[in-house]
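First up is the structure itself, then whatever we jot down about it.
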Amino acid sequence: MRTQYYQFPASRNPARRAHVGVVGSGDLEVLLEPGTADGSGGAAGHAQVRVRTSVEGFDEVWQATLERFFARTPVLGNWELNDAGATPALVTLRLQQAAEAAGPADTADTEEAS
Amino acid sequence: MTPPTNATRDEAARALGAIAGGQSIDWEHVLHRRSFLELDALARAEALVDDGTIRVLCGPFERLESPWLVPQDVTPQSDDGVVIAQGTIGGTAVVIASIEQKFQGGGVGEVSGAKITQALRLAAASSRHGTPIPAVLLLETGGVRLQEANLGLNACAEICSALLELRALAPVIGVVAGSVGSFGGVSIATGLCTHVIITPEGRIGLNGAAVIEQEAGAEEFDSSDRSLIWAVDGGEQRRSTGLADTLVVDDVGELRDAVREAVAAGPASPGSHRSERLDVLDARLATIDPANPPEPRQLREMWGDTYGTPPAKPAAPTASSGAEPRPGAARSRSSMQPSRRGRTWITALAAGTTPRPVIRSVLRADTDGTTYLAVVPDPGNPFYRARQGQVGLTECAALARQFREIAADDAHRAERRAIVAVVDLPSQAYGRIEEMAGLHQAIAAAVDATEAARVAGHPIVALVVGQALSGGFLAHGLQSSQLLALDDPGVEIHAIHRQAAARITLRTVAQLDELAKTIPPLSYDVRVWATLGFCDGLLKVSSAESPTPDDVQTVAQAISGAVARARSGPADLSNRLESADARRNRKASRAVRDTLNRQWTEHSGH
């Protein structure tokens with residue numbers, strides 16, 4: 001198992017915490033909690049992300065997947081991903097589901113076609 | 001191409017649940033179904049309670065995850081794969097425990113087990129205080145999570161005990177919707193439920209086909225034969241032989257209705273639960289000749305679909321003792337020389353009396369104020385998969401009857417006698433006949449009887465003198481109020497034997513032993529087991545094989561001490577969380593208990 005920490009610039013505060021997904025083969029769970037006002041635990045204006053994954057050797061894929069997601073969906077807060085080998089597409093889907101569940105979608109910066 | 005015949009069409013319609021009660025085909029009904037099987041654990045719980053009433057307790061943000069997985073390089077889940085929720089069903093307040101089958105195959109670990117146990121205990125406490133809280137258990141699991149072996153095994157014992165505590169006060173409804181089914185230690189809990197609801201996709205069994213094939217070969221159980229597997233332990237078969245109460249198709253509405261009805265029915269009357277009907281268990285087992293076993297389908301006619309006196313007559317006694325349906329059928333891959341320790345110790349402890357066979361594989365010895373019970377090897381056991389001392393169908397039935405009789409005999413005595421389970425068990429019996437007949441249900445009978453004796457006030461002490469593995473230990477020993485073990489390398493307490501554990505968790509035996517050095521619940525060393533929090537005495541003897549008089553005296557004294565502690569201690573298993581070792585090695589269980597206690601009352605205060 002590998003544990004990695006990331007942070008990405010973000011601007012939108014989630015309205016509430018959210019939990020989606022299951023740590024089942026090929027899937028992952030995502031927990032999102034609004035950060036504290038002072039941005040403790042990381043730089044202000046950044047989303048804090050912890051990834052724990054059963055599959056090693058995909059650091060670059062994680063970096064790229066998360067970067068793309070937060071570029072489009074800059075939701076602040078503490079994100080925890082517990083992964084059991086999900087594909088990048090499913091990771092992105094679960095992140096989007098968590099962001100949606102956590103608060104009203106900000107239409108300006110989500111869901112653009114790539 | 002020939003058009004399908006009416007018979008083919010009817011068969012297909014029946015398989016899809018489009019024919020209810022053998023009447024006309026209703027395809028519309030099928031098309032409007034909403035699958036329950038495809039839902040995750042939370043969505044299943046939500047689907048069963050009245051809309052908008054669900055309140056999750058001990059949820060993902062409490063982060064009570066397993067402390068044992070990360071050190072083994074396994075990603076944990078934030079709720080450890082069990083959703084506990086309060087809600088109402090048909091207006092009645094209930095508690096739901098829903099196992100997430102996709103996380104570790106639903107395997108019961110320390111945390112997930114403690115969540116189920118504590119939810120049941122809290123429901124029992126509320127029920128005692130005037131608000132009966134039925135429980136709905138969504139059971140999809142292979143049983144003990146092998147990464148947490150001994151803590152998972154103990155968790156199964158605690159779940160069973162808490163379930164029985166609640167069952168007397170409010171109904172406990174088991175739902176086995178599929179697709180994993182209910183296996184291992186949890187299948188025993190299923191056998192204790194007031195009411196069991198199952199789908200054709202669901203299965204209930206102690207041992208799955210793959211494990212049996214591994215132990216006994218493909219001749220015993222071919223795990224690639226899916227139709228055989230479902231014929232033995234599938235939902236239709238379990239319902240048709242009275243081992244489940246309601247069979248419904250995979251549809252949210254149908255499951256909801258079935259659960260609602262079972263909740264509304266309330267608790268069953270004392271003595272009527274399957275696990276209490278020893279008369280039925282005995283009569284059913286008597287119809288089977290293991291040397292010439294019936295096909296699963298025949299069993300439906302032999303036993304009938306209600307758990308009552310079977311229509312079939314007892315089988316003619318097998319001509320020669322030791323008969324096997326084929327050469328080598330009794331051999332086990334993991335088998336060792338049948339151990340003599342159980343017989344040796346029960347004989348030594350019952351000084352002055354000779355232990356008598358209740359059946360040839362179950363010995364009983366009565367001394368002043370104490371009854372000893374042991375399961376021992378019987379090379380002529382007609383149930384050939386239980387010849388090396390395994391706990392099989394007839395052993396469970398015999399044990400259950402002893403506990404019930406002892407409790408009945410002492411019902412009016414001022415002081416109830418102590419019962420000592422002398423434990424030397426290579427495992428439960430791994431066999432196809434055992435699964436077909438419902439070994440989980442037989443073990444449930446033994447567990448129920450032991451719990452009943454303990455709650456009635458009998459001090460119950462387990463003394464582990466050899467192996468204590470898996471379902472065998474759950475059936476005989478783990479429901480005791482005090483657990484003693486000899487401090488000897490031949491004493492081994494575990495959820496499964498080494499080779500199988502290594503195979504299933506994709507490790508070598510050497511890797512497993514290395515991991516066990518830092519992860520106590522994985523260890524096969526009894527001294528490490530003794531640190532898990534529920535060992536009440538590790539007894540040094542000079543010889544566990546051939547005890548000296550001093551050894552016997554040491555152990556007898558330890559037993560007296562344990563009996564005294566049991567008499568003054570709680571009648572349930574709650575003390576397993578109170579020892580100094582439990583405070584150290586079962587921190588997670590204690591955190592679960594405390595969190596659920598707090599949240600239960602917060603929520604109930606509405």
Side-chain angles (χ1 to χ4, degrees), chain A residues 1-6 14-36 41 48-59 61-62 65-66 75 77-87 90-91 93-95 97-103, chain B residues 37-46 54-85 98-107 109 111-112 138 140-142 145 147 179-180 504-507 515 518-519:
Chain A
M1 196 195 81
R2 188 160 173 76
T3 306
Q4 290 278 84
Y5 296 89
Y6 304 87
R16 65 191 83 86
R17 64 192 192 182
H19 173 252
V20 297
V22 170
V23 190
S25 181
D27 204 344
L28 77 162
E29 71 169 346
V30 176
L31 290 83
L32 167 59
E33 275 192 296
T36 48
Q48 308 299 321
V49 183
R50 183 188 71 180
V51 175
R52 293 188 292 183
T53 176
S54 56
V55 189
E56 308 211 2
F58 288 87
D59 292 0
V61 180
W62 277 106
T65 305
L66 293 167
V75 174
N78 295 311
W79 295 76
E80 289 171 44
L81 283 64
N82 296 323
D83 171 63
T87 60
L90 189 57
V91 171
L93 174 71
R94 293 280 181 242
L95 290 168
Q97 287 175 326
E100 272 166 36
Chain B
L37 261 87
E38 287 168 14
L39 304 178
D40 66 20
L42 175 61
R44 284 180 175 205
E46 272 171 334
I54 193 161
R55 284 185 304 257
V56 173
L57 310 184
C58 234
F61 290 98
E62 300 300 329
R63 291 184 178 74
L64 290 167
E65 58 183 41
S66 163
W68 309 107
L69 296 179
V70 170
Q72 298 181 62
D73 270 345
V74 177
T75 311
Q77 180 160 304
S78 54
D79 65 1
D80 204 36
V82 165
V83 174
I84 302 294
S98 179
I99 300 179
E100 177 53 65
Q101 56 184 333
K102 287 186 181 153
F103 177 62
Q104 295 295 320
V111 169
S112 59
L138 305 184
E140 301 297 335
T141 168
R145 185 186 296 166
Q147 290 89 349
S179 51
V180 168
I504 295 167
T505 58
L506 306 175
R507 295 167 175 140
L515 268 175
T518 52
I519 300 165

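- B:Gln101 does not touch chain A: none of its heavy atoms, backbone or side chain, sits under 4.5 Å away.
- Formation of a donor-acceptor pair under 3.5 Å by the A:Ser54 side chain with backbone atoms of B:Thr75 is not found in this model.
- Contact annotation for B:Glu100: only side-chain heavy atoms (C-beta onward) come within less than 4.5 Å of a heavy atom of chain A.
- Side-chain contact between B:Leu42 and A:His19 is absent, with no heavy-atom pair separated by less than 4.5 Å.
- Within the 4.5 angstrom heavy-atom criterion, only backbone atoms of A:Leu32 (N, CA, C, O) approach chain B.
- Counting heavy atoms from C-beta on, the side chains of A:Val22 and B:Gln77 come closer than 4.5 Å.
- For A:Thr3, no part lies near chain B; criterion is any non-hydrogen pair under 4.5 Å.
- Of the atoms belonging to A:Asp27, not a single heavy atom falls under 4.5 Å from chain B.
- Looking at every heavy atom in both residues, B:Phe103 comes nearest to A:Val23 through CD1-O, 3.3 Å.
- Shown here is A:Phe58, whose CZ atom has no more than 12 heavy atoms of other residues, nucleotides or ligands within 6.0 Å.
- The closest side-chain donor-acceptor pair between A:Glu29 and B:Ser78 falls under 3.5 angstrom.
- In this structure, CD in B:Glu65 is found 8.0 Å from CD in A:Glu80, a value given to the nearest 0.5 Å.
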